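On a predicted model such as this, the values are computed, not experimentally measured, just so you know. Naming: A, B, ... by sequence-line order, numbering from 1 per chain.
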Protein chains: 2
Amino acid sequence: MKFLVKENPDNDQLFNFINEAFSKRAFLLLFACCKVKYEGRAVSRLGLGDRTMIIKGDGSFLIHQDRNLEPVNWQPPGTKFTVELDDHRLYLRGSRRNPKEVLEVEICQAYLASYHTGRDIQMLELVGYEEDMRDMIMADPGIIEEGFRPTAREYSTNTGFIDILGKDKNDNLMVLELKSRRAGVNAVKQLKRYLDSFVDHKKLVRGILVAPSVTEDALELLEENGMEFLALEPPMDLKDSGVLTLEDF
Amino acid sequence: MKFLVKENPDNDQLFNFINEAFSKRAFLLLFACCKVKYEGRAVSRLGLGDRTMIIKGDGSFLIHQDRNLEPVNWQPPGTKFTVELDDHRLYLRGSRRNPKEVLEVEICQAYLASYHTGRDIQMLELVGYEEDMRDMIMADPGIIEEGFRPTAREYSTNTGFIDILGKDKNDNLMVLELKSRRAGVNAVKQLKRYLDSFVDHKKLVRGILVAPSVTEDALELLEENGMEFLALEPPMDLKDSGVLTLEDF
DNA sequence: CATTAGATTTCGGCA
DNA sequence: TGCCGAAGTCTAATG
């Protein structure tokens, strides 16, 4: 891995440094006083100030101010870059088509520039989604209730896909709406719409919202519509991938 | 603004450097070989690799790999940090309550550490949102059609808020659903649900989707339900804030 | 390439 | 503080 750092480069030096980084498809880090302009899906302007910028080898472009998790301006992967030196003013532009958008940074003074060419092949292992809940329920339907039998996963209706469709021990149809986080009224409305698509069904159709918790409003709406809530946490156990050992942490 | 850079610090030096940055609530930048562990809303593990980390003065914590716009791990503003040196292994932890979650980085070797204490007071000016469209329509209802009179903004129904409610020149109720970008079938379904809440209304109720463009599916669904589409671009003119001058760009 | 649904969504606004 | 809705959402999966 090549790794270079330059402190307080003038714009001529920075121009060369950035071009060097681009030619190597490196991970570029900049800290500089700059102005920012964006035009594309919206239009934005940001006046002069000190920002930290990241340009990744895949064309991701992030500009961070000193607060908030989210970048103040950005460009997704696939962005093409140009850098232009115009009478000691340095313009860094990232452009994309589809949608057509341009992010332009005018750098007045850079404090830090650095790039590195290493690749990071490690993949994040992550659990705790709705999908993990589905897997868990399909593998062990009894956690919903005794006698529950799933009949379909991702069952298609005219208003969308039902997470899990099944029957209870009395052969009543059960529509399960899963949420991996605290569920709100929208989840209940969604469940209601699924039930509506079974309106001409002969037997009872039960609607069950499955989530770790539910808002008070949502619970009221559930009860008003004769639907049920079942508290269930998404599974948080990482599958053994062989990459990590007990010693890792 | 204080600004410090340290290249290839050993973990003892890094420990002091990070503590210094924390005591100043500085913007901290790290590039290091590390392992990452997250437990909270979900659970994740990331094996050894080179990552760029940002810790902001407001408690935002970002860990970036060499690809993708989004950080591979993160913690929102308000995170509290601790740094621990244990037999030359350095642990950087960010903790939050509500929800309870911890992000831990084990740093093996740091390549770059830097912090700065400047504040960036510039605010982003952004236009092109739904809200700007609402403002534009409320200020000049004629752009919808001749004789249109808005009667309510954010009118509440049992399925949500109607963007703009009004009447046409023949006193028919008009329900406007605004989208600042290309509208899809979901926007049409939403509009349909709003219209359904006026089902027992005596006179004609018109449903109008207002957006710069619409998907073909959505247009079909609109026509099937006797609703209308109106092409309207969100305003892209920056409001005069006094912060920027003509010379800015 | 477009569409869709989920996200450790984040963020702002309002009660 | 909690909830709801929008976002230049992003991202992976799917047709």
Side-chain angles (χ1 to χ4, degrees), chain A residues 38-44 58 60-63 67-79 94 96-103 123-124 126-134 154 156 160-161 163 178-187 189-190 212-218 234 236, chain B residues 36-44 58 60-63 67-79 94 96-103 124 126-134 154 156 159-161 163 178-187 190 215-218 234 236:
Chain A
Y38 167 76
E39 285 182 16
R41 287 174 280 179
V43 172
S44 79
D58 69 351
S60 304
F61 189 3
L62 301 96
I63 303 176
R67 66 206 135 86
N68 277 348
L69 184 65
E70 297 290 310
V72 63
N73 280 112
W74 70 92
Q75 205 79 289
T79 299
R96 241 162 51 98
R97 295 180 170 209
N98 204 304
K100 183 164 164 31
E101 52 183 356
V102 181
L103 181 55
M123 298 288 282
L124 185 75
L126 179 60
V127 292
Y129 312 105
E130 198 178 297
E131 196 187 340
D132 298 307
M133 285 179 84
R134 274 206 299 268
E154 311 241 306
S156 177
F161 285 86
D163 290 324
L178 309 186
K179 291 289 161 196
S180 64
R181 315 281 164 236
R182 186 174 180 82
V185 284
N186 278 350
K189 289 174 184 170
Q190 196 176 352
S213 65
V214 67
T215 65
E216 208 165 320
D217 288 354
M236 292 282 198
Chain B
V36 185
K37 181 163 93 164
Y38 167 75
E39 285 180 16
R41 288 173 282 179
V43 169
S44 78
D58 69 351
S60 304
F61 189 3
L62 302 97
I63 303 176
R67 60 196 181 82
N68 277 349
L69 183 65
E70 297 290 311
V72 64
N73 281 110
W74 71 93
Q75 204 83 283
T79 299
R96 243 162 48 101
R97 296 178 171 201
N98 204 302
K100 183 164 163 33
E101 52 184 354
V102 182
L103 180 56
L124 185 75
L126 184 57
V127 292
Y129 292 133
E130 251 179 66
E131 194 185 341
D132 298 296
M133 286 182 81
R134 278 207 299 268
E154 307 227 316
S156 177
T159 51
F161 285 85
D163 289 319
L178 310 187
K179 289 290 163 197
S180 64
R181 296 180 302 109
R182 186 176 179 81
V185 285
N186 281 347
Q190 196 177 351
T215 65
E216 207 166 329
D217 289 355
M236 289 285 191

B/S/- contact track for nucleotides 9-15 of chain C, protein heavy atom under 4.0 Å: SSSS---
Residues which pass side-chain hydrogen bond (donor to acceptor under 3.5 Å, both in side chains) with A:Ser60, listed by chain and number, not counting sequence neighbours: A:Asp58
Partners passing ring-ring contact (aromatic ring centres under 6.0 Å, His included) against B:Tyr38 (at least two apart in sequence or in another chain): none
Residues that A:Gln190 engages under side-chain contact (heavy atoms from CB on, under 4.5 Å), provided they are two or more places apart: A:Glu177, A:Lys179, A:Arg193, A:Tyr194
B:Glu131: salt bridge (Lys or Arg N to Asp or Glu O under 4.0 Å) partners, not counting sequence neighbours: none
Stem list, DNA chain C (Watson-Crick or G-U pairing under 3.5 Å, at least 3 consecutive pairs): C:1-7 with D:9-15, C:9-15 with D:1-7
Protein-nucleic acid N or O pairs under 3.5 Å, nucleotides 1-5 of chain C:
unit_1 : atom_1 : unit_2  : atom_2 : d
C:dA2  : OP2    : A:Asn98 : ND2    : 3.3

Set of residues satisfying side-chain contact (heavy atoms from CB on, under 4.5 Å) with respect to A:Ala218, sequence neighbours excluded: A:Val185, A:Val188, A:Val214, A:Thr215
Listed partners of B:Arg182 passing side-chain hydrogen bond (donor to acceptor under 3.5 Å, both in side chains), at least two apart: B:Ser213
Residues in side-chain contact (heavy atoms from CB on, under 4.5 Å) contact with B:Arg181, at least two apart in sequence or another chain: none
Test side-chain hydrogen bond (donor to acceptor under 3.5 Å, both in side chains) applied to B:Arg41 - qualifying residues, sequence neighbours left out: B:Glu101
Qualifying residues under side-chain hydrogen bond (donor to acceptor under 3.5 Å, both in side chains), relative to B:Asn73, sequence neighbours excluded: B:Ser44
